[in-house]
Amino acid sequence: MNKHLVSFLVSAAAAGSILTNISPAQALVWNLDNVTYGFGGSASGQFDYDAATDTYSNIAINATVGTFNLSFNSSDIVPGTASSTTLFLEQDTLSPGNNRYQGIRLTFQDPLTDTPGITVNLDTDTGQSVFYTSSGPNNTGTGNRLDAANGSSISSVPFDIPGGATIPTVGSLFALGLMRQMKKKMAARNIASNPIN
């Protein structure tokens, strides 16, 4: 087999393997933007949301309100509450009292989708998005709703390919490989038609 053809097929296979890893249904990363609470509190971080399965993963959210400074992850999701319009996280300190459970609830004005590069506002009406402490799980006991979020939103990160390449980059690399193959073929033909004496 022609070595140029072999080289081209290897380049095409490599580009194809990268392209097959691109899935429009993959989970999107969402960033918290300007999530603030009363008493100088705030929340920051990100999470992945997969609209195809309506599931959250890779949650890394830090919330600080008053003397509370909490880091939430995927294991803190309140069972049965996560949906395209709500992310409800809570921790149990195992210590009796009004502050035993600390939680954060993010309620979105529009359902999360698999569309990259969009912003969704948090629902701040009637305390829909709050940071709270409670004596009972899921904010059912006595305690304090420290304050509702205000002026807050989340934004989805555009799709990318693992390793840092973007879809246009992969296309450029593929085109560059084709161009190099053509130049080699033209050079080989030129030498054959004009041999060196």
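From a predicted model like this one, the values you see are computed outputs, not experimental measurements.
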With the side chain counted from C-beta on, respond yes when Ile104 and Phe72 share a heavy-atom pair under 4.5 Å apart, and no when they do not. yes
Check the side chains of Tyr49 and Asp54 for a donor-acceptor pair under 3.5 angstrom, ignoring hydrogens and angles. yes
Atom CZ of Arg105 and atom CG of Asn138: how far apart are they, to the nearest 0.5 Å? 10.0 Å
Rounded distance [0.5 Å steps], OG in Ser129 versus CZ in Phe88: 11.5 Å
Exercise: do Ser155 and Asp33 side chains pair donor with acceptor under 3.5 Å: yes
Pairwise distance OG1(Thr115) to CG(Leu28) - rounded to 0.5 angstrom: 7.5 Å
So do Asn31 and Phe47 actually touch side chain to side chain, heavy atoms under 4.5 Å? no
Answer yes or no: is there a side-chain heavy-atom contact under 4.5 Å between Trp30 and Leu112? yes
For Thr53, check side chain to side chain contact (heavy atoms under 4.5 Å, CB included) against everything at least two apart and list the hits. Asp50, Thr55
From the options Asp123, Leu122, Leu106, select the one residue that forms a side-chain contact (heavy atoms from CB on, under 4.5 Å) with Gln128. Asp123
Side-chain polar contacts of residues 74-83 - donor-acceptor pairs under 3.5 angstrom, sequence neighbours left out - could you list them?
residue	atom	partner	partner atom	Å
Ser74	OG	Asn58	N	3.2
Ser74	OG	Ile59	N	3.1
Ser75	OG	Asn73	OD1	2.5
Asp76	OD2	Asn73	N	2.9
Asp76	OD2	Gln91	NE2	3.1
Thr81	OG1	Val78	O	2.6
Ser83	OG	Thr85	N	3.2
Ser83	OG	Thr85	OG1	3.2
Ser83	OG	Thr86	N	3.4

Anything under 3.5 Å between a donor and an acceptor, one on a side chain of residues 61-69, the other on a protein residue two or more places apart or in another chain? List them.
residue	atom	partner	partner atom	Å
Asn62	OD1	Ser71	OG	2.6
Thr64	OG1	Asn69	OD1	3.2

On a heavy-atom basis, which atom in Ser156 and which in Pro116 lie closest, and how many Å separate them? OG-C, 3.4 Å
Validation row: Gln46, Leu32 side chains within 4.5 angstrom (heavy atoms): no
Between Tyr101 and Asn139, is any pair of side-chain heavy atoms under 4.5 Å apart? no
With Arg100, the side-chain hydrogen bond (donor to acceptor under 3.5 Å, both in side chains) member among Thr133, Thr93, Asp92: Asp92
